[in-house]
Amino acid sequence: MKRHEPVQVVKTRRDALLARLIGTVPYIGFLGVTIDRRGDELTAVLPFNPKLVGNPALQALHGGATASFLEVTSIVELSWASLWADLEAGVIDPETDALPPLPKTIDFTVDYLRSGLPRDAYARARINRSGRRYASVHVEAWQDNRSRLFAQATGHFLMPPKDDSGNDSSD
Amino acid sequence: MPPADPAKIARQFIEAIPFSKALSMSLDEIGDGRAVISMPYDAQLVGDPATGVIHGGAVSALMDTCGGAAVMSHPDMPIATATIDLRIDYMRAASPGQRIRTEASCYHVTRSVAFVRATAWDEDATRPVAAATGAFTFQRAKPKGGTP
């Protein structure tokens, strides 16, 4: 067991994995979503961009842009949470190992609480249940005030099979 | 039919929405609380690089837009609408390279709420890729010279 690795080694390892996780998905780049990391906690950021507008008169974010942002945040959180233990145990090399397949969305329900303003938006997802095959995630998005959500969503996801070599009898 | 063609106005209105334009959505049919909107496959919208499948969020944007269009075309002629909630069930992955088409219908309206169902297909019209149900606000014009 490694004790007290240099902080920069730890950060580089975690940031390398996160960068690969989001860098490979074209739609994340299309939306312009970035991820802030504090330890294992992720906050997704959707910088305002005029192309995300759904109501030109109000300059409000398109409901589809908001839904996309929430779904992206959920999937990144699920993948990140499933890789974290292996990453910290040194089982996976964040620079070179192939990443597992992404979770697949089964259903996603978005609750639009107020209109999205022409500003940056933030979101955090919480995994309420994560089993071998199914996961349930709740995600919240806000803009200026953390306590004034403008949208929230709940989704169910099919997790990629863990290839613990030949251990798939009851999968 | 009034002199201005409502379907044409609706088409221009929807095609002027920046996010819908960014996804190259086109309004194919509209009227009577029902709308059909489609969107071409685009590599920028891929959500899973391993398979080339479009991200669910892009499909959800298409269904949300189509639901809103269906509401706006309702015979009671609302002046505005906004999504209250939208649930999407992803039934299968849309085939990479194929156009995605959504049909939405506003199956019930109350004084202030419209209920919508939508289905999405790729080029195989026999097997839907997604289904959605949603509630939208239904803002009616104030009656002219309204009662006190």
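Naming: A, B, ... by sequence-line order, numbering from 1 per chain.
- Proximity to chain A is absent for every atom of B/A131, based on heavy atoms less than 4.5 angstrom apart.
- Proximity to chain B (any heavy atom under 4.5 Å) is restricted, for A/L31, to the side chain, taken from C-beta onward.
- Cluster annotation: A/L46 and A/Y122 are assigned to distinct hydrophobic clusters (Ile/Leu/Val/Met/Phe/Trp/Tyr, side-chain heavy-atom contacts under 4.5 Å, transitive).
- A single hydrophobic cluster is seen to contain both A/L87 and A/L102, as judged by linkage of ILVMFWY side chains at heavy-atom distances under 4.5 Å, directly or through other members.
- If you chain together hydrophobic residues whose side chains sit under 4.5 Å apart, B/M25 and B/V129 never meet in one group.
- Neither the backbone nor the side chain of B/A50 comes within contact range of chain A, judged by heavy atoms closer than 4.5 Å.
- With a 4.5 angstrom heavy-atom cutoff, A/P101 does not touch chain B via any of its atoms.
- Put simply, of B/V59, B/I17, B/V46, the one with the most heavy-atom pairs under 4.5 Å next to chain A is B/V46.
- Here A/A19 pairs with nothing under the side chain to side chain contact (heavy atoms under 4.5 Å, CB included) rule; sequence neighbours left out.
- Residue contact with chain A, scored on non-hydrogen atoms closer than 4.5 Å, is absent for B/A93.
- A search for side chain to side chain contact (heavy atoms under 4.5 Å, CB included) contacts involving B/A132 returns B/M63, B/L86, B/I88, B/A118, not counting sequence neighbours.
- Criterion: ILVMFWY side-chain heavy atoms under 4.5 Å apart, direct or through other members. Under it, B/M72 and B/I37 are not part of a common hydrophobic cluster.
- Heavy-atom distances place the side chain of A/I75, and not its backbone, under 4.5 Å from chain B.
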Pairs table: donor-acceptor atoms between chain A and chain B closer than 3.5 Å:
{"residue": "A/Y27", "atom": "N", "partner": "B/Q44", "partner atom": "O", "Å": "3.4"}
{"residue": "A/Y27", "atom": "N", "partner": "B/V46", "partner atom": "O", "Å": "2.9"}
{"residue": "A/K51", "atom": "O", "partner": "B/F19", "partner atom": "N", "Å": "3.2"}
{"residue": "A/V53", "atom": "O", "partner": "B/F19", "partner atom": "N", "Å": "2.9"}
{"residue": "A/H62", "atom": "NE2", "partner": "B/T65", "partner atom": "OG1", "Å": "3.0"}
{"residue": "A/G64", "atom": "N", "partner": "B/D64", "partner atom": "OD2", "Å": "3.4"}
{"residue": "A/S68", "atom": "OG", "partner": "B/G57", "partner atom": "O", "Å": "2.9"}
{"residue": "A/E71", "atom": "OE1", "partner": "B/Y90", "partner atom": "OH", "Å": "2.9"}
{"residue": "A/I106", "atom": "O", "partner": "B/Y90", "partner atom": "N", "Å": "2.9"}
{"residue": "A/D107", "atom": "OD2", "partner": "B/R87", "partner atom": "NH2", "Å": "3.3"}
{"residue": "A/F108", "atom": "N", "partner": "B/I88", "partner atom": "O", "Å": "2.9"}
{"residue": "A/F108", "atom": "O", "partner": "B/I88", "partner atom": "N", "Å": "2.8"}
{"residue": "A/V110", "atom": "N", "partner": "B/L86", "partner atom": "O", "Å": "2.8"}
{"residue": "A/V110", "atom": "O", "partner": "B/L86", "partner atom": "N", "Å": "3.0"}
{"residue": "A/Y112", "atom": "N", "partner": "B/I84", "partner atom": "O", "Å": "2.9"}

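- When all heavy atoms of B/P18 and A/V53 are compared, the pair lying nearest together is CD-O, 3.4 Å.
- With a 6.0 Å radius and a threshold of 12 heavy atoms from other residues, nucleotides or ligands, A/R146 has its CZ atom above the threshold.
- For A/R37, the salt bridge (Lys or Arg N to Asp or Glu O under 4.0 Å) partners at least two apart in sequence or on another chain are A/D15.
- The contact between A/L52 and chain B is made by backbone and side chain atoms together, counting heavy-atom distances below 4.5 Å.
- Chosen from B/A58, B/A43, B/A82, the residue pairing most often with chain A at heavy-atom distances under 4.5 Å is B/A58.
- By the criterion of side-chain heavy atoms lying less than 4.5 angstrom apart, applied directly or through intervening Ile, Leu, Val, Met, Phe, Trp or Tyr residues, A/L42 is grouped together with A/I127 in one hydrophobic cluster.
- Looking at A/P26 and B/L45, their side chains never come closer than 4.5 Å, going by heavy atoms from C-beta outward.
- Your options are A/P56, A/A65, A/G63, and the one with the most heavy-atom pairs under 4.5 Å with chain B is A/A65.
- Contact annotation for B/I84: only backbone heavy atoms (N, CA, C, O) come within less than 4.5 Å of a heavy atom of chain A.
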